Amino acid sequence: MCGFCGFTGQVLNRDNLSREEVLREMAAQITHRGPDSEGYYLTGEGAQDSVAMGFRRLSIIDLEGGSQPLFNEDGTLVLMFNGEIYNYRPLRDELTEKGHVFATHTDSEVLLHGFEEWGEELLPRLRGMFAFAIWNTQEHSLFMARDYFGIKPMHYSLLPDGRLLWASEIKCLLRHPDFVKEFNEKALDGYLSFQYSVPRETFFKNVVCLRPAHCLWYRDGRVEERRYWEPAFHPDEEMTLEQAVEEIDRVFTDSVEAHRISDVEVGCFLSSGVDSSYVASYFGGQKAFTVGFDNGGHYNESHYAAELAQEVGIEHYTHIISEEEYWDSLKTVQYHLDQPLADPSCIALYFVSKLAAEHVKVVLSGEGADELFGGYRIYHEPYSLARYQKLPRWLRRGAAAFVSRLPDFKGKSFLIRGSKTLEERFIGNAYMFGKKEKERLLKNIPAADPAEKTAEFYARCQGQDDVTRMQYLDINCWMVGDILLKADRMSMAHSLELRVPFLDREVFAVASRIPVRHRIAGGTTKFAMRQAAMRHIPAAAAGKPKLGFPVPIRIWLRQEKYYNRVKEAFTSPAAARFFHTGELLKFLDQHYRGKKDNSRKIWTIYMFLVWYGVYFGEEADA
């Protein structure tokens with residue numbers, strides 16, 4: 001696991017810095033991604049077709065020989081790579097038979113020779129998580145690619161004169177003297193609806209997030225992107241439940257074994273849920289890590305994790321996060337994220353990563369199971385609405401218009417959501433603010449219908465059932481913009497490699513064939529996957545309902561000290577620049593007085609303001 005950055009051409013606004021000094025300053029921003037070593041490659045001082053590439057390494061495989069940059073035999077290709085290729089050994093054998101000569105035992109070098117042999121056709125052959133860049137010294141071209149699901153990050157900026165900057169994290173780009181840091185107001189509109197910035201857009205003007213399963217060519221000052229793989233579902237309606245369970249267990253066991261390949265110790269995260277418990281069941285005699293909160297109740301489920309750890313024989317470590325720790329970490333967390341993220345669980349992930357990094361360099365985690373196997377409770381909705389939606393649409397629309405003017409009551413949401421199409425009602429797992437709410441909140445920023453951002457993905461999976469379409473949308477948006485963003489940044493903040501065996505090409509090949517009746521069955525999510533997990537963990541753990549990671553935000557925001565902290569941010573000049581202060585205070589006071597649970601919406605705005613202070617406040621400009 002590593003990080004890298006680079007740029008083409010000369011540096012115009014040098015401030016007496018050489019190109020190498022600029023490159024080293026950019027790479028220094030991601031020392032946390034690779035504290036073990038560094039490497040640099042520069043050509044042609046001042047030439048427009050020159051390149052500068054910087055690398056930071058976290059040593060996991062071939063500890064002595066895996067430094068980068070790496071070169072092919074004749075030095076015409078230069079590689080920098082972040083991630084792990086789990087099938088590198090058979091690929092290496094195949095390439096050796098074709099005459100390629102390897103200088104190291106790393107998985108990284110397989111990418112270099114594989115690209116030399118197959119070009120872009122290398123990508124569908126890979127099993128792993130990756131973001132990499134290959135510079136061709138003869139053609140002065142750059143090829144970049146990002147893995148199938150977006151586990152590893154990649155960002156770039158094409159300057160007006162055709163020079164390209166790229167990096168694992170956006171903070172590297174900000175250190176290039178010719179990059180002009182400007183806030184992208186359009187991203188704020190989308191963030192308020194989704195709680196994250198939907199790729200390709202970022203909060204920085206002229207910075208693009210390379211989407212998952214996409215590759216990029218840079219030639220002659222121009223960028224061309226294309227999608228090389230599609231997470232398409234093709235359910236096999238003849239598949240029995242027994243076949244589905246057998247296939248899931250077989251492929252997941254294989255994936256976990258592949259993800260455990262390492263020259264250093266590997267541990268795992270363990271919550272009380274089925275996903276991480278399934279992963280942990282393969283770690284008997286090894287280490288697992290859990291966090292909880294000191295509020296008690298359902299905000300601290302570490303005892304469930306401890307019971308499972310004892311059941312499967314895991315050496316278990318736990319940290320209880322205090323209120324003060326949580327709130328004091330917010331600026332640091334938002335700094336590492338690069339962009340605002342309103343998911344309260346990312347701070348918990350920050351602390352469990354910190355705990356794990358004290359004992360191991362690699363952990364396995366359960367991200368991706370919900371998206372691939374149908375794990376979110378909202379995926380029940382097509383079934384619960386099915387009978388109601390048989391009524392004429394005009395009747396449902398009229399009922400929704402009428403009840404929307406009434407005070408909240410049980411069933412109101414059902415009537416409103418039942419009047420809408422899937423595309424209208426589901427934009428993913430974290431719908432915060434609708435268009436009308438944003439219009440009341442935002443100052444001088446147009447509010448868009450969030451469905452405009454999701455339309456592209458719904459169009460790509462037309463003809464599928466509603467549950468599958470919801471999963472497809474979440475794989476392309478929610479999982480990339482929230483789940484995998486926080487997984488990468490929070491683990492890398494502590495120089496910890498996080499691997500996700502559910503998000504494996506072979507696992508998806510099985511998940512994509514499972515009929516929806518085996519994903520959602522009898523009111524149970526991830527039905528077939530839970531049955532597979534039950535072969536390894538107690539039935540109580542396998543059947544535990546989906547909770548997410550419970551964080552006591554709702555309770556904290558009704559305490560005076562945290563209410564006042566948020567109120568100070570809501571009445572700040574930064575808040576007044578983007579929002580109508582009165583509307584912000586209305587949300588906050590309603591919640592504080594117990595009239596309404598506005599906690600997630602308050603948190604969404606507050607996390608943006610914390611992030612904005614880090615990257616655009618007075619301290620950022622100092």
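For the single chain, residues carry numbers from 1 onward in sequence order. Only a predicted model underlies this, so the values are computations on that prediction, with no experimental measurement involved.
The aromatic ring centres of F616 and W611 sit less than 6.0 Å apart. A ring-centre distance under 6.0 Å is found for F203 and Y191.
A salt bridge links R417 with E381: the distance from a Lys NZ or Arg NE/NH1/NH2 to an Asp or Glu carboxylate oxygen falls below 4.0 Å. A salt bridge links E424 with R393: the closest approach of a Lys/Arg side-chain nitrogen to an acidic carboxylate oxygen falls below 4.0 angstrom. Contact check on R565 versus E560 returns no salt bridge, with no Lys/Arg side-chain nitrogen under 4.0 Å from an Asp/Glu carboxylate oxygen. At a threshold of 4.0 Å, the pair E225-R200 counts as salt-bridged, since one of the basic side-chain nitrogens sits closer than that to a carboxylate oxygen. Taking a cutoff of 4.0 Å between a charged side-chain nitrogen and a carboxylate oxygen, R250 and D254 do not qualify as a salt bridge.
By the 4.5 Å heavy-atom criterion applied to side chains, D343 and M607 are not counted as neighbours. Contact annotation: the side chain of D474 never approaches that of M479 to less than 4.5 Å [non-hydrogen atoms, C-beta and beyond]. When side chains are defined from C-beta on, Y278 counts as touching D249, because their heavy atoms get closer than 4.5 Å.
Partners of F502 by ring-ring contact (aromatic ring centres under 6.0 Å, His included), not counting sequence neighbours, listed by chain and number: F252. Looking at residues two or more places apart in sequence or on another chain, you find a side chain to side chain donor-acceptor pair (under 3.5 Å) between R460 and E230, Y472. Every residue meeting the side chain to side chain contact (heavy atoms under 4.5 Å, CB included) condition with A399, not counting sequence neighbours, appears here in chain and number order: Y388. Residues that satisfy the ring-ring contact (aromatic ring centres under 6.0 Å, His included) test with Y592, not counting sequence neighbours, are Y563. When the ring-ring contact (aromatic ring centres under 6.0 Å, His included) test is applied to F233, the partners found at least two apart in sequence or on another chain are F508. With sequence neighbours excluded, the residues satisfying side chain to side chain contact (heavy atoms under 4.5 Å, CB included) with K205 are E182, N184. Checked against ring-ring contact (aromatic ring centres under 6.0 Å, His included), H155 has no partners two or more places apart in sequence or in another chain. With sequence neighbours excluded, the residues that form a side chain to side chain contact (heavy atoms under 4.5 Å, CB included) with R513 are D236, M239, E247.
Screening residues 416-451 for ring pair (Phe, Tyr, Trp, His ring centres under 6.0 Å) gives F433-F587 as the qualifying pairs, with residues at least two apart or on separate chains. Legend: salt bridge (charged side-chain N to carboxylate O under 4.0 Å, His left out) pairs involving residues 441-451, not counting sequence neighbours: none detected. Sorted by first then second residue, the salt bridge (charged side-chain N to carboxylate O under 4.0 Å, His left out) pairs that include residues 595-611, not counting sequence neighbours, are E437-K601. Screening residues 462-473 for salt bridge (charged side-chain N to carboxylate O under 4.0 Å, His left out) gives E423-R469 as the qualifying pairs, with residues at least two apart or on separate chains.
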Criterion ring-ring contact (aromatic ring centres under 6.0 Å, His included) on Y612 and F183, from CA distance to verdict:
CA-CA 9 Å; Y612 186 82; F183 178 74; 5.5 Å; yes
Could you walk me through whether L349 and V352 pass side-chain contact (heavy atoms from CB on, under 4.5 Å), step by step?
CA-CA 5 Å; L349 188 52; V352 75; 3.8 Å; yes
Check step by step if side chain to side chain donor-acceptor pair (under 3.5 Å) holds for S197 and T202.
CA-CA 6 Å; S197 179; T202 74; over 6 Å; no
Applying side-chain contact (heavy atoms from CB on, under 4.5 Å) to D275 and K526, what does each step give before you reach the verdict?
CA-CA 10 Å; D275 306 337; K526 285 182 297 201; 2.7 Å; yes
Tell me, with the steps shown, if Y228 and H214 meet ring-ring contact (aromatic ring centres under 6.0 Å, His included).
CA-CA 6 Å; Y228 66 83; H214 279 67; 7.7 Å; no
Would you sort out whether R425 and S419 count as a side chain to side chain donor-acceptor pair (under 3.5 Å), showing the intermediate values?
CA-CA 9 Å; R425 71 175 184 266; S419 72; over 6 Å; no
Do Y379 and D370 pass the side chain to side chain donor-acceptor pair (under 3.5 Å) test, and can you show the C-alpha distance, the side-chain angles, and the key distance before you say yes or no?
CA-CA 10 Å; Y379 294 161; D370 292 313; over 6 Å; no
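Note that the CD atom of Q462 and the CD atom of Q464 stand 11.0 Å from one another [nearest 0.5 Å].
The main-chain N or O of E371 is found under 3.5 Å from a side-chain atom of Q471 such that the two form a donor-acceptor pair. S345 contributes no side-chain N or O that, together with a main-chain N or O of A348, makes up a donor-acceptor pair within less than 3.5 Å. Distance alone, capped at 3.5 Å, is enough to place a donor-acceptor pair between the R530 side chain and the T525 backbone. A donor-acceptor pair is defined here as one N or O able to donate and one able to accept, closer than 3.5 Å; such a pair exists between the side chain of D147 and the backbone of K152. With hydrogens and angles disregarded, a donor-acceptor distance shorter than 3.5 Å links the side chain of D338 to the backbone of I170. Between the side chain of H259 and the backbone N or O of L364 there is no donor-acceptor pair closer than 3.5 Å. Looking only at distances, no side-chain donor or acceptor of H234 sits under 3.5 Å from a matching main-chain atom of S512.
With F608 as reference, F578 is the one residue of Y196, Y615, F570, F578 to meet the ring pair (Phe, Tyr, Trp, His ring centres under 6.0 Å) rule.
More than 12 heavy atoms of other residues, nucleotides or ligands sit less than 6.0 Å from atom CZ of R226.
Below 30°, between 30° and 60°, or above 60°: for Y562 and W556 the angle between ring planes is between 30° and 60°, a tilted geometry.
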